[in-house]
*Asks:* 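After the structure tokens below, expect a handful of questions from me.
Computed from heavy atoms alone, side chains included, the values below leave out hydrogens, waters and symmetry copies.
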Amino acid sequence: MPQGREISPLLTVRENLKAGFAPLRRGDRNIPSHVFEVFAVLRQMPSRHGRRLVR
């Protein structure tokens with residue numbers, strides 16, 4: 001798993017965000033709504049792959 005500000009380019013935005021919750025039980029791995037309040041642009045691209053975010 002990438003560290004720091006890096007993301008996995010093959011995972012979608014949603015999958016990258018959920019990866020941060022991997023230590024939690026599967027049912028608790030929901031992306032909190034405040035994440036999209038802070039990073040509003042991500043709300044519009046949950047299926048976009050990480051490699052397409054930096055270009």
*Asks:* Could you pull out all donor-acceptor pairs under 3.5 Å where a side-chain atom in residues 21-31 meets a protein atom, sequence neighbours excluded?
*Replies:*
from, atom 1, to, atom 2, distance (Å)
R25, NE, D28, OD2, 3.4
R25, NH2, D28, OD2, 3.0
R29, NE, L24, O, 3.0
R29, NH2, A22, O, 3.3
R29, NH2, L24, O, 3.3

*Asks:* Any chain of hydrophobic side-chain contacts (each under 4.5 Å) joining L10 to L17?
*Replies:* no
*Asks:* Using residues 40-48 as the side-chain source, report each donor-acceptor pair under 3.5 Å to any protein atom, sequence neighbours left out, with the distance given to one decimal.
*Replies:*
from, atom 1, to, atom 2, distance (Å)
R43, NH2, F36, O, 3.1

*Asks:* Is there a donor-acceptor pair under 3.5 Å between the side chain of N16 and the backbone N or O of S8?
*Replies:* yes
*Asks:* By the salt bridge (charged side-chain N to carboxylate O under 4.0 Å, His left out) test, which pairs, at least two apart or in different chains, include something from residues 7-19?
*Replies:* none
